[in-house]
Undergrad: 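One structure follows; several queries about it will come next.
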There are 2 protein chains.
Amino acid sequence: MAVTIKDIAAAVGVSRGTVDRVINHRGGVSEEVAARVEQAVEEMGYFPNRAGRILAARKKPVTIGCLLPSDKITFFHDVIRGFFRAERELSDFGVSLRLKEVRGYDPEIHLAALRELLAENVSALCVATIETPEITALLNQTAAEGVPVAAINIDLPHVNRLFYIGSNYLAGGRTAGGLLSLMAKGPVSLFVVAGSSNIHSHHLRIEGFAQVMKEKETAYTLVDVQVTQDDSEVAYEATKRVLQEHPEINYIYITTSGSAPGVCRALEELERKKRVTVIAFDDNKENKRLMKEGSIDVLLCQESFRQGYDAINHLFYYLVDGTVPKAEYFTHTVIKIGENL
Amino acid sequence: MAVTIKDIAAAVGVSRGTVDRVINHRGGVSEEVAARVEQAVEEMGYFPNRAGRILAARKKPVTIGCLLPSDKITFFHDVIRGFFRAERELSDFGVSLRLKEVRGYDPEIHLAALRELLAENVSALCVATIETPEITALLNQTAAEGVPVAAINIDLPHVNRLFYIGSNYLAGGRTAGGLLSLMAKGPVSLFVVAGSSNIHSHHLRIEGFAQVMKEKETAYTLVDVQVTQDDSEVAYEATKRVLQEHPEINYIYITTSGSAPGVCRALEELERKKRVTVIAFDDNKENKRLMKEGSIDVLLCQESFRQGYDAINHLFYYLVDGTVPKAEYFTHTVIKIGENL
DNA sequence: TTGAAAGCGATACCAA
DNA sequence: TTGGTATCGCTTTCAA
């Protein structure tokens, strides 16, 4: 049976309260006693028991404030499922969430949402947001006041965040390149559909792709690159036009999940979906459907459920346990084809 | 704040002990009182608190007995890592494991190992074993005595197991077929390296593969099929011979992880590894290395870590909580190429 | 600076 | 058939 605080107290000949004070650095213990306790802790191999800790911690419940730009964006559905699964599993331990969903990336809206969360006196923040001077300052101040901030899906390099959890976008791009290299046995005429030239993550997906194509010396012709701002309608128009101009296109690489439906509709209308191989990102509902219909051939996914689920768990154990998480968790690039969807 | 057993007791006007007896069906409560308690539980939305339960459960620690045919088989390394991670995380809750590792599938050895585990008075079993009349009988008797039995990696259809967790072998085969269909742009001359004709799982990997090749109408020539009994040396000899006889082979499908090193050595020696695309199973240490070296192009993995990790967690929560798991958990078929390994 | 004791939620056992 | 109480390991508060 494991060593408990009681054993330590008995061994050292002090009360459990004193041992607790030493272990959790609450102060108010003479150096001499503290040293003896610490030595006993070391020698006897004491490690605090979570069940006991959690039970005692119920006296002050934990609320985690979450912010996602998820309104109208199906990608975040799985992240949210992860949030709620974690909340449910940890609800016995006193955890509850406050989730704010906003639309898009308007700094004012994000700032207001963050302020609302903080006004509710949350014990931690878990956010996918953007860095503006105001937001960065607010989050850093929050962290400084002892309320940990976690960055999910979108990293915040200038914020003193407890950790980041999300995709490794470069690896995603590299995987796309690797797959295309494996699949490409003949001449490759490639059409790239990009989200936005100034969103860093989308750029990385192209950079990684190009890296691998070069490393593997996979010959290909880059027929066209279209930027869609993640808008399906824009993607549709652009794809239709480009495909009509270029009958030789046989591969399409879509770096942003929201564009896939538009691209596929164009392929369908031109009756070219059998002859073109499509690589896209994220297994949200629409994209799964498109894969089942045979429009998308390969989906590269980023374990979005796990992003939400793990984020909440890391925060909880940090709060209740003091367990410090790693600074960065990169979720895997998961390859899905029709058969293992 | 959530409803506790105390709240129920107060509302009904009985003691906490009585409420506990009703909730856990321990008997010895008058029907009238039981009905009132049950009604209160329903109305007030009571749900037992895990932290409290776990703490109380420490009075009788939980030991889980595990049996794996893992001796000399690197595949099981990750399953074992999953076991120990779960043990570590749950050690605060009084969980410890007894792991017996045996070599191969000798029924006598398995039976003896199971008997040893049971002699140690374990609270549950988690096993990867085979079905013989004796083993099936022993496990069924164990389950009947209230010691739950979980099947991991290898299902035991005739055993009254609490659940099975492991790969869906058919889906694995189907995924292999889907990938080959995507990659095959020209003529396909295929060499299949199988483990054993009478191990059901290996057969399913071939069946699923064939299904998809037919569904997708992917043309291919099956040049040869060799059975290796999962022995790397046998695989080496067979591959060398077949490759020499058939210079046209451009795809190799290896359905059993242990054969991959032998196959790759043959490819290396014949200087054909660049011209042949290799699909294999499981990301154990050797196979990962072979992929990095460029010998294996695609690895189909089965989340072996999760098999071990989840199995222990399901058993624990069943024992302490009464949470009944699903009857079957199929881990995903994870596609790994060099870029997302 | 330290000890003693109550309490978190559930369980188990003894007594009535 | 029931109630009362000690206990699991830890935190927190009140006294000393």
Side-chain angles (χ1 to χ4, degrees), chain A residues 1-38 40-41 44-62 90-95 317 319-323, chain B residues 1-37 41 44-62 90-95 317 319-323:
Chain A
M1 208 71 240
V3 179
T4 74
I5 215 169
K6 217 165 141 186
D7 302 327
I8 302 283
V12 182
V14 295
S15 75
R16 295 141 76 192
T18 302
V19 176
D20 178 65
R21 269 161 240 156
V22 175
I23 289 166
N24 296 293
H25 311 102
R26 299 186 212 284
V29 179
S30 74
E31 282 196 19
E32 186 262 329
V33 172
R36 269 164 53 215
V37 169
E38 269 161 6
V41 163
M44 301 172 70
Y46 168 79
F47 202 77
N49 180 295
R50 274 190 179 174
R53 239 181 193 171
I54 288 166
L55 199 53
R58 262 188 72 101
K59 293 172 188 175
K60 45 172 169 63
V62 167
L90 297 176
S91 65
D92 285 346
F93 304 160
V95 173
Y317 284 113
L319 289 170
V320 73
D321 240 24
T323 311
Chain B
M1 209 69 238
V3 179
T4 74
I5 214 168
K6 218 165 142 186
D7 302 326
I8 303 283
V12 182
V14 295
S15 76
R16 295 142 76 191
T18 302
V19 176
D20 179 63
R21 268 160 244 159
V22 175
I23 289 168
N24 295 293
H25 311 101
R26 298 187 212 283
V29 179
S30 75
E31 283 195 18
E32 185 263 328
V33 173
R36 268 164 52 215
V37 169
V41 163
M44 301 172 70
Y46 167 79
F47 202 77
N49 180 295
R50 273 192 179 173
R53 253 192 178 158
I54 288 167
L55 197 53
R58 264 189 72 103
K59 293 173 187 175
K60 46 172 169 66
V62 168
L90 297 175
S91 64
D92 286 346
F93 305 161
V95 172
Y317 284 113
L319 288 170
V320 74
D321 239 24
T323 309

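Letters A, B, ... mirror the listed sequences (proteins, then strands); counts begin at 1.
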Undergrad: Looking at the side chain of A/Leu55, which of C/dT11, C/dC8, C/dT2 is the nearest nucleotide?
TA: C/dC8
Undergrad: For A/Ala40, which residues count as a side-chain contact (heavy atoms from CB on, under 4.5 Å) partner, sequence neighbours excluded?
TA: A/Ile8, A/Val12, A/Met44
Undergrad: Would you mind reporting whether A/Asp20 and A/Ile5 have side-chain heavy atoms less than 4.5 Å apart?
TA: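 Side chain of A/Ile5 against side chain of A/Asp20, heavy atoms only: contact under 4.5 Å found.
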Undergrad: Should B/Tyr46 and B/Val19 count as side-chain neighbours, where that means a heavy-atom distance under 4.5 Å?
TA: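 Not touching, per the 4.5 Å side-chain cut-off.
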Undergrad: Is the terminal nitrogen or CZ of B/Arg53 (NZ for Lys, CZ for Arg) located under 6.0 angstrom from the six-membered ring centre of B/Tyr317 and within 45° of that ring's axis?
TA: no
Undergrad: With heavy atoms under 4.0 Å as the rule, sort B/Arg16 into base, sugar-phosphate or nothing.
TA: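 Base: the residue B/Arg16, judged by heavy atoms under 4.0 Å, touches a nucleobase.
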Undergrad: Checking all strands, does A/Arg21 fall into the base, sugar-phosphate, or nothing category for heavy-atom contacts under 4.0 angstrom?
TA: base
Undergrad: Could you check A/Ala56 against B/Thr18 and say which one's nearest nucleotide on DNA chain D is further toward the 5' end?
TA: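 First, find each residue's nearest nucleotide; the 5'-ward one identifies B/Thr18.
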Undergrad: From CZ of B/Phe93 over to P of C/dA10, roughly how many Å is that when rounded to an integer?
TA: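 Rounded to whole Å, this separation is 15 Å.
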Undergrad: Would you mind classifying the nucleic acid contact of B/Tyr46 as base, sugar-phosphate or nothing, using non-hydrogen atoms under 4.0 angstrom?
TA: sugar-phosphate
Undergrad: What contact category does B/Gly13 fall into here, base, sugar-phosphate, or nothing, at under 4.0 angstrom with non-hydrogen atoms?
TA: sugar-phosphate
Undergrad: Base, sugar-phosphate alone, or nothing: which one does A/Asn49 contact when heavy atoms must sit under 4.0 Å apart?
TA: sugar-phosphate
Undergrad: Roughly how many Å is it from NZ in A/Lys6 to C1' in C/dG3, rounded to a whole number?
TA: 16 Å
Undergrad: With distance as the sole test, does A/Asn24 use its side chain to make a donor-acceptor pair with the main-chain N or O of A/Arg26 at under 3.5 Å?
TA: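 Flag not set: sc A/Asn24 to bb A/Arg26 has no pair under 3.5 Å.
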Undergrad: Below 4.0 Å from chain B heavy atoms, what is the first contacting nucleotide of DNA chain D and what is the last?
TA: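 From 5' to 3', the first and last contacting nucleotides are D/dT1 to D/dG9.
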Undergrad: Could you state the atom-to-atom distance from CZ of B/Arg50 to C1' of C/dG9 in whole Å?
TA: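 Rounded to the whole Å, the gap is 14 Å.
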Undergrad: Which whole-number value in Å describes the distance from A/Glu31 CD to C/dT2 C1'?
TA: 16 Å
Undergrad: Would a distance-only check, ignoring hydrogens and angles, find a side-chain to backbone donor-acceptor pair under 3.5 Å from B/Asp92 to A/Ala51?
TA: no
Undergrad: With a 4.5 Å cut-off on side-chain heavy atoms, are A/Val320 and A/Val62 touching?
TA: no
Undergrad: Determine the contact category for A/Asn24: base if any of its heavy atoms lies under 4.0 Å from a base atom, sugar-phosphate if only primed atoms, P, OP1 or OP2 are that close, otherwise nothing.
TA: sugar-phosphate
Undergrad: Nearest-Å distance, CD1 (B/Ile23) to P (C/dT11)?
TA: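 These atoms are roughly 7 Å apart.
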